[in-house]
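Just so you know, these numbers use all the heavy atoms, side chains as well, and skip hydrogens, waters and symmetry mates.
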Amino acid sequence: MISIKLQLFLVIISFAGLLMFINMIVKYKLELKYSLLWIFFSLVTIILAIFPDLSKCISDLLGFEKPVNAIFLFGIILTLIIIFSLTITLSSNQTKIKQLTQEIGINKLENSQLKEEINNLKTILKKEISDHDE
């Protein structure tokens, strides 16, 4: 069905990807919640590479003519899930960026108003000091 070389290649590539994700999580380059789907995908690929007859059993169970069709369908579904997850994250980040931008604008306005008040108070104080000295 699947050659030993291909099985070994798939296991090595999937395991390397899994280690890469885990390494990125440990080094805080990738958050765990964003990498869970990729870790799951790597584990499923390792399992299917080690037990290639499992994909045939799953495809027979679901009524697919060939196992490769089931694998492609699950790959497409997984890709859509990842895209949907990233879209939700992007939308959430966009809202946070908008909120932070508005807060920065408000802080800048308040800061400039406070500087203006300080300058006004300085001029009033200088005027009072000069009037008092005379």
What distance do [X] atom [atom1] and [Y] atom [atom2] have between them, rounded to the nearest 0.5 Å?
X    : Y    : atom1 : atom2 : answer
K5   : L10  : NZ    : CG    : 14.0 Å
M20  : I25  : CE    : CD1   : 10.5 Å
I39  : L19  : CD1   : CG    : 10.5 Å
L109 : I104 : CG    : CD1   : 13.5 Å
I106 : N111 : CD1   : CG    : 13.5 Å
L61  : C57  : CG    : SG    : 8.5 Å

Heavy-atom count around F15 CZ within 6.0 Å, excluding the residue itself: above 12?
-> no
Over 12 foreign heavy atoms within 6.0 Å of CD, E65 = no
Partners meeting side-chain hydrogen bond (donor to acceptor under 3.5 Å, both in side chains) with E117 (sequence neighbours left out) | none
Please identify each residue that fulfils side-chain contact (heavy atoms from CB on, under 4.5 Å) with [X], with sequence neighbours left out.
X   : value
I47 : F51, L54
F72 : V68
I71 : S55
L8  : I12

Same cluster or not: [X] versus [Y], using hydrophobic residues (I, L, V, M, F, W, Y) connected whenever any side-chain heavy atoms lie under 4.5 Å apart?
X   : Y   : answer
I83 : F40 : no
V44 : L32 : yes
V26 : M24 : yes

Compile the donor-acceptor pairs under 3.5 Å between side chains in residues 120-127 and protein atoms, sequence neighbours left out, one pair per line.
residue: N120; atom: ND2; partner: E116; partner atom: O; Å: 3.4
residue: T123; atom: OG1; partner: N119; partner atom: O; Å: 3.3
residue: T123; atom: OG1; partner: N120; partner atom: O; Å: 2.7

Mind listing the closest non-hydrogen atom pair of [X] and [Y] along with its distance?
X   : Y   : result
A70 : S59 : CB-CB, 3.8 Å
T79 : G75 : OG1-O, 2.7 Å
P52 : A49 : CD-O, 3.8 Å

Keeping the roles fixed (side chain from S35, backbone from W38), state whether a donor-acceptor pair exists under 3.5 Å.
-> no
What's in the same ILVMFWY side-chain cluster as [X], cut-off under 4.5 Å, chained through other members?
X    : value
L90  : none
F84  : I88
L114 : none
I76  : L80

Can you find a pair of side-chain heavy atoms, one from I82 and one from F41, that are under 4.5 Å apart?
-> no
Minimum side-chain heavy-atom gap L62-F74 below 4.5 Å | yes
Summary of side-chain hydrogen bond (donor to acceptor under 3.5 Å, both in side chains) pairs that have at least one residue in residues 86-104, sequence neighbours excluded = Q99-E103
